[in-house]
Every structure is written in C-alpha cells, then in structure tokens.
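Heads up, the thing below is written out as structure tokens.
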Amino acid sequence: MAAYWLFKSEPDVFSYDHLVRNKREGWDGVRNYQARNFMREMKVGDKGIFYHSNATPPGVAGVCRVAKTAEPDPTQFDPGSKYYDPASKPSDPRWDWVTVAPVKKLPFVSLDELKSIPELAECRLLAKGNRLSVMPLTEHEFEAIVAHATSRRR
DNA sequence: GCCAACGTTGGC
DNA sequence: GCCAACGTTGGC
C-alpha cells in the first residue's frame, strides 16, 4: 500500500521547479534520525507533498513521488559538502536519501491556507515547533491538500 | 534579524 | 543518565 509523505525544501536552495527541471533528485542533507527513519520506510511509488519552507510565503508547491528507495546519501562523505559528516564511515553510513521525482505542480497553497483546511488540524506540519524536514501524511491529509490546491477558483 | 522549539553534544 | 550549552530550523 502506498504511503504519503511531506518533503520540506527551501526554494532558494531547491524548489519544485528545480525538481521538474532535473526530473529526479536525491533528497540530500537530511541529518535528523527521525526524518531518516521515515525515508527508510518509503517505497517506490509513494506520493509526497513538496513544501517550500523558509519562503515568503511558505507553502505547498507540488506533488512528487518516491522513485528510488533509501540508500546512503553521498554528501555525508564529501568534505566539500555542507552536509559532510566526518563521523559517518562508508562502511557504516549514518545518513540516507531517497530519490524523488515530480508528479504534478500544484497551484501554490500558502501555510496560512493550509491552516484553514479542517483535515489538517492534526497534521504534524502545523504543529507548534515542528522542524521535521520529512514526515508522514495520512492519505486523507494528502488528498485534502491536493483537493484544496486544485479545486479553488483562481 | 529575532526568537521559540527542539535535537545533539559532552562534561560530570 | 542528567542537563547545560550550543546549533539548527523555520515562521514571522
């Protein structure tokens, strides 16, 4: 059964349009164990909401999918990378990435609008102090976001 | 730029 | 194992 996820990215660094241009991308730089463990649960074909954080305004930009399951994130071994982790050894990698691909760009839904969607009342994204860059969504939450983005008048 | 939230680190 | 210090995230 397919699962649903939310991926955060700062659009100044990597936006949904970048993903569309690149066709697929390793989701690098996750250095949080909880987020990493979620990525390890992902299966090919799982759907994701692509969220722009640290943006003006922040919000949802599109739908993506998991194109490849978790494998070691190579940036952890690259001393020139901002994601370099000297404590991680190739023989025992600490951090993984998954490969994601674009599915459909959505009309932008700002964080303010997300807060108004009743189905998202329990969503971790909207919880105070939430900093997880990768988190699970229920199918219900996923569909509510897509429906909100695509059904409203523009 | 500020600051609240929260994860990680390291001394003890 | 506790907890203070520190770093990062992310909304504003």
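Computed from a predicted model, the values in this text were never measured in an experiment. To find a chain, count down the sequence lines: A is the first, B the second, and so on, and within it residues start at 1. Every heavy atom of this structure was used, including side-chain atoms; hydrogens, water molecules and symmetry mates were not.
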With A:R124, which residues qualify under side-chain contact (heavy atoms from CB on, under 4.5 Å), at least two apart?
A:Q34, A:F38, A:L132, A:M135, A:P136

Write down the distance between CG (A:L132) and C1' (C:dG11), rounded to a whole number of angstrom.
16 Å

CA sep, side-chain torsions, deciding dist, call: A:Y33, A:W95, ring pair (Phe, Tyr, Trp, His ring centres under 6.0 Å):
CA-CA 8 Å; A:Y33 288 105; A:W95 306 113; 4.7 Å; yes

When you match A:K115 and A:G29 each to their closest nucleotide on DNA chain C, which lands nearer the 5' end?
A:G29

Which nucleotide in B:dT8, C:dC12, C:dG10 has an atom nearest any side-chain atom of A:S53:
C:dG10

For the side chain of A:R131 and the base of C:dT8, is some donor closer than 3.5 Å to an acceptor across the two?
yes

Whole-Å distance separating the CD atom of A:Q34 from the P atom of C:dT8:
19 Å

How close or far is atom P of B:dT9 from atom CZ of A:R94, stated in whole angstroms?
7 Å

Taking only nitrogen or oxygen atoms into account, show me every contact under 3.5 Å that the protein makes with nucleotides 1-3 of chain B, one pair per line with its distance.
none

Between A:D12 (CG) and C:dG11 (P), how many Å, whole number?
13 Å

Roughly how many Å is it from CG in A:N130 to P in B:dC6, rounded to a whole number?
9 Å

A:D96 and salt bridge (Lys or Arg N to Asp or Glu O under 4.0 Å): which single residue from A:R40, A:K68, A:R36 fits?
A:R40

Would you say C:dG11 has OP1 or OP2 under 4.0 Å from some side-chain N or O of A:Y51?
yes

